[in-house]
Undergrad: 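One structure is given below, represented as structure tokens, and several questions about it will come after.
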Amino acid sequence: MASPITVGGITWDPANGADLTVQAIDFRESSVSAVGDVLTGYGRIGSINGADQSVFCSGCSLNFTFQYTVSAIEGDALNPKVVFDGGLINFYVDPSGGFDVADPSSAGSATGPLWLSLTGHAAPFTGFSAVGDLYSNINGPIAAPGSLSGGFGLLDVAGGAAGYWMDTNSRADGADFDLSSSFSFKPYDQCTGPSSDPTNICYYPIVGTGTLTGQTLAVPEPGPIGMLGVGLGLMGLLLRRRSKESELGA
């Protein structure tokens, strides 16, 4: 049975039946309305394989930032379908556990080392004409999506300390992760209007949750032949040691 893995202070158990499921919470993103607009956002990870932050990252936090570019808009104005490309999601370990949803800068690269980097994986998706990294069905206008709005996409491992363990090509079209999200327009309580400053929470009027589904790299346990090799190696070492002791005693 596989043992828990710890990378950069983050621990997860690949033997868990939910492996690999990563849940994002405190998720906020900017508003977009036209082709070429860049969607940006941030948040933190609430659980890995069902284990919450106190288990997978005691005393720290695993935060993320992301961006996508609108590449196509389909459908009608009140129920549009939006296609994105240029996807990038970076995860950072903050050893201080100082994430604050009201402070976008508390989720970025300044908070700690890069743990995982994912890039969008372009593949066609049923119900959309254009091909992209991320597909969204919007309930309401694009700039102010209502409840039941959601998205789906594919992602590939691009780097980070944990990348080795998650680069498995185990999802559709050979991608490493599925991404699913739900979101709606809900400006932060203290905001009286939109902000043009990306370091201000009022720049991010959309709130949501997301789930990444992948698989941890399988590390095979030593089989009978492997154990035999280890045993023979130890026996050889012991015999050499005894031979040297005999030579010294002669």
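Computed from heavy atoms alone, side chains included, the values below leave out hydrogens, waters and symmetry copies.
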Undergrad: For D197 and S195, test the side chains for any donor-to-acceptor distance below 3.5 angstrom and give the result as yes or no.
TA: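 On atom types as modelled, these side chains do not qualify, holding no pair under 3.5 Å.
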Undergrad: For the residue pair F64 and F91, does the interplanar ring angle fall in the parallel (under 30°), tilted (30 to 60°) or perpendicular (over 60°) class?
TA: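 Answer is tilted, since the angle falls between 30° and 60°.
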Undergrad: Between the side chain of E74 and the main-chain N/O of S129, is any donor-acceptor distance below 3.5 Å?
TA: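 Side chain of E74 to backbone of S129: a pair is present.
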Undergrad: Check the hydrophobic clustering (I, L, V, M, F, W, Y; side-chain heavy atoms under 4.5 Å; chains of links allowed) and say if I89 and V7 are grouped together.
TA: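 Yes.
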Undergrad: Is there a donor-acceptor contact under 3.5 Å from the side chain of D19 to the main chain of N16?
TA: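 The answer is no, because no donor-acceptor pair under 3.5 Å joins these two groups.
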Undergrad: Keeping D156 on the side-chain end and T119 on the backbone end, is there a donor-acceptor pair under 3.5 Å?
TA: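 A pair under 3.5 Å: no.
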Undergrad: Verify whether one side chain among S182 and T209 offers a donor that lies under 3.5 Å from an acceptor in the other.
TA: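 Side chains of S182 and T209: pair found under 3.5 Å.
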Undergrad: State the NE2-CG distance between H121 and L179, to the nearest 0.5 angstrom.
TA: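 It is 13.5 Å, given to the nearest 0.5 Å.
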Undergrad: Are Y204 and F183 connected in a single hydrophobic cluster, I mean Ile/Leu/Val/Met/Phe/Trp/Tyr linked by side-chain heavy atoms less than 4.5 Å apart?
TA: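 Shared cluster, no.
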Undergrad: Any chance the rings of Y203 and Y42 have centres within less than 6.0 Å?
TA: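 Not close enough - the centres of the two rings lie 6.0 Å or further apart.
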Undergrad: What's the shortest heavy-atom distance between P80 and I142, and which atoms?
TA: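 Heavy atoms only, the tightest pair is CG-CG1, 3.3 Å.
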Undergrad: With clusters defined by side-chain heavy atoms of hydrophobic residues (ILVMFWY) lying less than 4.5 Å apart, directly or transitively, does V32 cluster with V38?
TA: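 No, V38 and V32 fall in different hydrophobic clusters.
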Undergrad: Verify the cluster assignment for F99 and V93: are they in a single hydrophobic cluster under the rule of side-chain heavy atoms below 4.5 Å apart?
TA: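 No; V93 is not reachable from F99 via cluster members.
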Undergrad: With no hydrogens and no angle check, just 3.5 Å: does a side-chain donor-acceptor pair link S106 and D100?
TA: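 Per modelled atom types, S106 and D100 side chains form no pair under 3.5 Å.
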